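Notes follow the structure.
Because the structure is predicted, anything quoted here is derived from the model rather than measured. Index from 1, following the sequence.
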Amino acid sequence: MTALAIVMYNLFLLLVRHHHTVLHDIRQGVFVVVLFGIFYGIVRYIQAIPDDAD
């Protein structure tokens, strides 16, 4: 959540400073958030797999 807040804050600052490149920056930020979500989902899935303690 902290990383997401930092990303959103930085995107807002870029929006204020650079109006013409905002769309590219927003796409990049959304891409990073999606990648983080996928990574988080994979990690949670791996944690949920039961251990084979033979």
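- The side-chain contact (heavy atoms from CB on, under 4.5 Å) search around I46 returns I42, not counting sequence neighbours.
- Within the 4.5 Å cutoff, no side-chain heavy atoms of F31 are placed close to those of R27.
- L35 and L4 sit in two unconnected hydrophobic clusters of ILVMFWY residues. Membership requires side-chain heavy atoms under 4.5 Å apart, directly or through other members.
- Hydrophobic clustering places F12 together with V30 (ILVMFWY residues linked when any side-chain heavy atoms are closer than 4.5 Å, directly or through intermediates).
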